[in-house]
Amino acid sequence: MPTLRPNKYRTHTCGELRETDVGKEVVLSGWVESNRDMGGVIFIDLRDRHGITQCVFDPKRSGQAAHDDAAKLRGEWVVRVKGTVGKRPPEMINTKLETGLIEVDGTEVEVLNEAKTPPIEIRDDLDANEDVRLKYRYLDLRRGKMQRVLKMRHKAAMATRNFLTAQGFTEVETPFMIKWTPGGARPFLVPSRLNLGKFYALAESPQLFKQLLMVAGTDRYYQIVRCFRDEDLRIDRQPEFTQVDLEMSFVEQDDIFTVVEGIMASVWKDVLGIEIKTPFERVPYDTAMARWGNDKPDRRFGLEHVVLTDLVKKHDGGGIKIMKTVVDAGGIVKGIRLPKEFAEATPRAQIDKLETFVKGMGAKGLAWARIENGGSWGKAPLAKAINDAMRTELNAAMGAQDGDLLFFQFGPEAMVQTVMANLRLHLGKKHGLIPEFGSAGTWDFFWVVDPPLFEYDEEAKKWAAAHHAFTMPRAEDMPYLQSDPGRVKCTRYDLVLNGYEIAGGSVRIHRGDIQSAVFRAMGIDEEEVREKFAFLLDAFQYGAPPHGGIAVGWDRLVWLLTETEAMRDVFAFPKNNRGVDMMNGSPAVVDAQLMKDVAIQSVAPEEEPAEKPAQA
RNA sequence: GGGCCAGUAGCUCAAUUGGUUAGAGUAUCGGACUGUCGAUCCGAGGGUUGCGGGUUCGAGUCCCGUCUGGCCCGCCA
């Protein structure tokens with residue numbers, strides 16, 4: 001990449017010079033990557049974002065003054081070097097550098113800025129803890145690896161914009177400061193100085209606005225947009241994050257799939273040069289839950305779940321009282337078989353650790369059995385209790401062989417699914433079936449389709465929308481909206497990649513009668529809904545087209561695309577898992593007068609004085 | 001709100017069962033060296049073992065509390 005125009009700082013970038021430039025007088029500027037003083041000749045590796053160029057200072061050619069100046073240079077100083085491009089002798093070619101065939105014979109060195117010794121080394125293979133990297137993010141980002149990630153993110157966005165534009169989409173911006181509506185994530189609040197006591201909410205997504213754009217006839221809308229959610233964080237969640245949000249009119253589910261598959265294919269091709277296979281496979285939600293306990297399963301390895309509920313029911317618990325109690329109470333039973341080769345590497349102490357692991361997720365314990373002597377359960381805790389008939393059938397259902405280790409979980413469905421899904425992932429990573437992070441060359445894209453429209457809220461004793469209240473029920477399930485809400489599936493879809501949900505959306509309800517039926521099934525007072533969502537429901541009375549859309553979790557997608565360790569790696573300036581920006585210290589208390597201006601008074605406990613004053 | 005893990009030099013780590021002066025690599029600084037490219041060689045500086053308390057003749061190590069960081073559950077698309 002050449003410089004924009006030759007100026008006093010540089011005629012070329014540090015990644016630009018080649019053999020064809022030999023003989024040219026050039027000026028380069030950058031950071032001192034390394035300084036190798038051989039006693040006579042000095043080598044300065046000069047780095048900018050575009051690459052590294054070696055500058056040589058041989059007193060005979062450079063003159064004594066330039067040589068002495070070069071000797072004073074230190075790491076990360078910002079310098080300008082003038083010199084002549086020279087061809088390297090064959091034995092001194094550096095094949096690791098793109099500029100490795102040449103070097104710049106320096107004749108002049110100017111220090112543009114000195115630099116303190118950085119707390120982290122500026123190198124690709126840096127092995128520093130993330131908190132140090134985050135505190136000095138501007139240095140962390142100076143590393144080539146991080147610059148390449150930023151570049152990949154940009155290329156992915158370009159591929160997406162180009163693709164969607166070619167498909168007739170229009171990018172429309174929507175407000176960040178919006179009216180709070182109930183349900184969904186906890187919003188960040190913004191007090192209004194002009195309307196004391198009132199608040200904006202920062203948009204959790206442009207959901208309602210994009211539906212209004214459909215009513216407006218925009219037809220194909222998209223936006224690469226920031227979203228805000230004040231929820232607890234995870235490795236794949238930031239309080240402010242980016243979505244590729246899109247919505248289309250007069251479409252069916254398949255139209256949206258085609259568009260999103262097109263985006264993914266463009267991104268993977270433009271950024272990685274990889275052709276991914278489309279269309280993506282579609283997996284029913286029920287299948288995903290049964291086989292992997294999860295609506296975003298990682299299918300790159302086995303250790304699939306076996307649903308044992310009916311088998312246990314058939315045997316009335318098979319002698320195991322707690323299992324009977326669980327299934328009688330409507331709970332479920334699931335098993336995972338760990339094959340012999342991995343089971344042998346799992347001594348009793350390891351099983352105890354796994355038990356601690358699952359108890360941390362709400363499990364009461366971890367039932368297990370080690371298969372020996374043609375199907376016996378050896379010294380497993382349940383071995384005495386279980387009767388032969390159920391044990392035999394259970395072994396068969398799980399394909400158990402001698403030496404295998406079986407794990408079981410039984411109890412309320414939600415707990416069993418969570419525990420078993422996480423146990424499977426844990427075992428998969430532990431036994432090297434999937435990498436700690438990254439794709440290992442396998443990009444497993446698929447759709448999860450036909451999830452239930454409603455979830456039963458045990459506490460409130462009523463059905464609630466599993467996604468949001470505007471998701472269209474499947475046509476064939478309409479008759480059951482009132483009679484059997486639990487069996488109603490909907491036209492919602494999630495795109496999964498290697499165990500992460502990277503997009504989710506739905507076909508929306510555009511007709512008032514269906515919307516009313518859904519509200520009724522949820523036992524929601526329509527007047528109340530009208531009050532909160534009046535603008536949307538009003539709009540829908542003026543000719544809402546059939547429409548649907550999807551939102552791509554952009555950071556998550558780029559994270560997986562770049563195979564970086566944490567999603568934070570694809571943010572220039574991320575927050576940590578407590579929502580704190582470790583570089584600038586946000587969030588922070590604000591000036592008392594600012595608080596007064598917006599009629600806000602803090603009731604938070606007094607903050608303890610910081611232990612050590614933060615200083616760089 | 002809960003579970004698990006970690007905290008020792010600027011950075012990454014080590015330190016036997018609780019044992020006497022807390023080490024190494026790297027970075028930094030100084031010296032040597034005219035073709036290096038993760039330069040090499042020689043030397044030097046660098047520590048309140050996160051913090052507070054306890055047990056002990058003796059604590060980096062054990063116990064309690066606390067803070068910080070990370071991962072997960074709850075929560076959230």
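- The side-chain hydrogen bond (donor to acceptor under 3.5 Å, both in side chains) test applied to Glu108(A) returns Arg80(A), not counting sequence neighbours.
- Taking atom P on both rG69(B) and rG74(B), the two are 23 Å apart, rounded to the nearest angstrom.
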So if I define the base as every atom that isn't primed, P, OP1 or OP2, how would nucleotides 29-37 of chain B read as a B/S/- string at a heavy-atom cutoff under 4.0 Å? SS--BBBBB
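- For residues 416-437 of chain A, no pair satisfies salt bridge (charged side-chain N to carboxylate O under 4.0 Å, His left out), with sequence neighbours left out.
- Residues from residues 554-566 of chain A with heavy atoms under 4.0 angstrom of RNA chain B: there are none.
- Near RNA chain B, defined here as any heavy-atom distance below 4.0 Å, the residues from residues 490-500 of chain A are Arg492(A), listed numerically.
- Residues meeting the side-chain hydrogen bond (donor to acceptor under 3.5 Å, both in side chains) test with Glu565(A), sequence neighbours left out: none.
- Rounded to a whole angstrom, the distance from the C1' atom of rA24(B) to that of rU49(B) is 16 Å.
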Pull out every protein N or O sitting under 3.5 Å from an N or O of nucleotides 8-16 of chain B, one pair per line with the distance.
| unit_1 | atom_1 | unit_2 | atom_2 | d |
| --- | --- | --- | --- | --- |
| rG10(B) | O2' | Pro119(A) | O | 3.1 |
| rC11(B) | O4' | Pro119(A) | O | 3.4 |
| rU12(B) | OP1 | Asn129(A) | N | 2.6 |
| rU12(B) | OP1 | Asn129(A) | ND2 | 2.8 |
| rU12(B) | O4' | Asp127(A) | O | 3.4 |
| rU12(B) | O2' | Asp127(A) | OD2 | 3.3 |

Scan the side chains in residues 351-368 of chain A for donor-acceptor partners under 3.5 Å anywhere in the protein, sequence neighbours excluded, and list what turns up.
| unit_1 | atom_1 | unit_2 | atom_2 | d |
| --- | --- | --- | --- | --- |
| Asp352(A) | OD1 | Arg348(A) | NE | 3.3 |
| Glu355(A) | OE2 | Leu366(A) | N | 3.1 |
| Thr356(A) | OG1 | Asp352(A) | O | 3.1 |

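- The list of salt bridge (charged side-chain N to carboxylate O under 4.0 Å, His left out) pairs with a residue in residues 58-70 of chain A, not counting sequence neighbours, reads Asp58(A)-Arg61(A), Arg61(A)-Asp105(A), Asp69(A)-Lys72(A).
- With both ends at atom C1', the span from rU28(B) to rG47(B) equals 16 Å, rounded to whole Å.
- Listed by chain and residue number, Phe176(A) satisfy the ring-ring contact (aromatic ring centres under 6.0 Å, His included) test with Phe228(A) (two or more places apart in sequence, or in another chain).
- In this structure Glu563(A) satisfies the side-chain hydrogen bond (donor to acceptor under 3.5 Å, both in side chains) test together with Ser439(A), sequence neighbours excluded.
- The distance between atom CG of Asp124(A) and atom P of rG38(B), rounded to the nearest whole Å, is 13 Å.
- The same atom, C1', is picked in rU61(B) and in rG7(B); the two are 14 Å apart, to the nearest Å.
- Arg229(A) contributes no side-chain N or O that forms a donor-acceptor pair with the base of rC76(B) under 3.5 Å.
- rA22(B) and rA15(B) are spaced 7 Å apart, taking the C1' atom of each and rounding to whole Å.
- Each side chain to side chain donor-acceptor pair (under 3.5 Å) pair with one or both residues in residues 30-45 of chain A, not counting sequence neighbours, appears once here: Glu33(A)-Arg47(A), Ser34(A)-Arg36(A), Ser34(A)-Asp45(A), Arg36(A)-Asp45(A), Arg36(A)-Gln54(A).
- Separating the P atom of rA6(B) from that of rC62(B) is a span of 10 Å, rounded to the nearest Å.
- Within a 6.0 Å radius of CD in Glu130(A), other residues, nucleotides and ligands contribute more than 12 heavy atoms.
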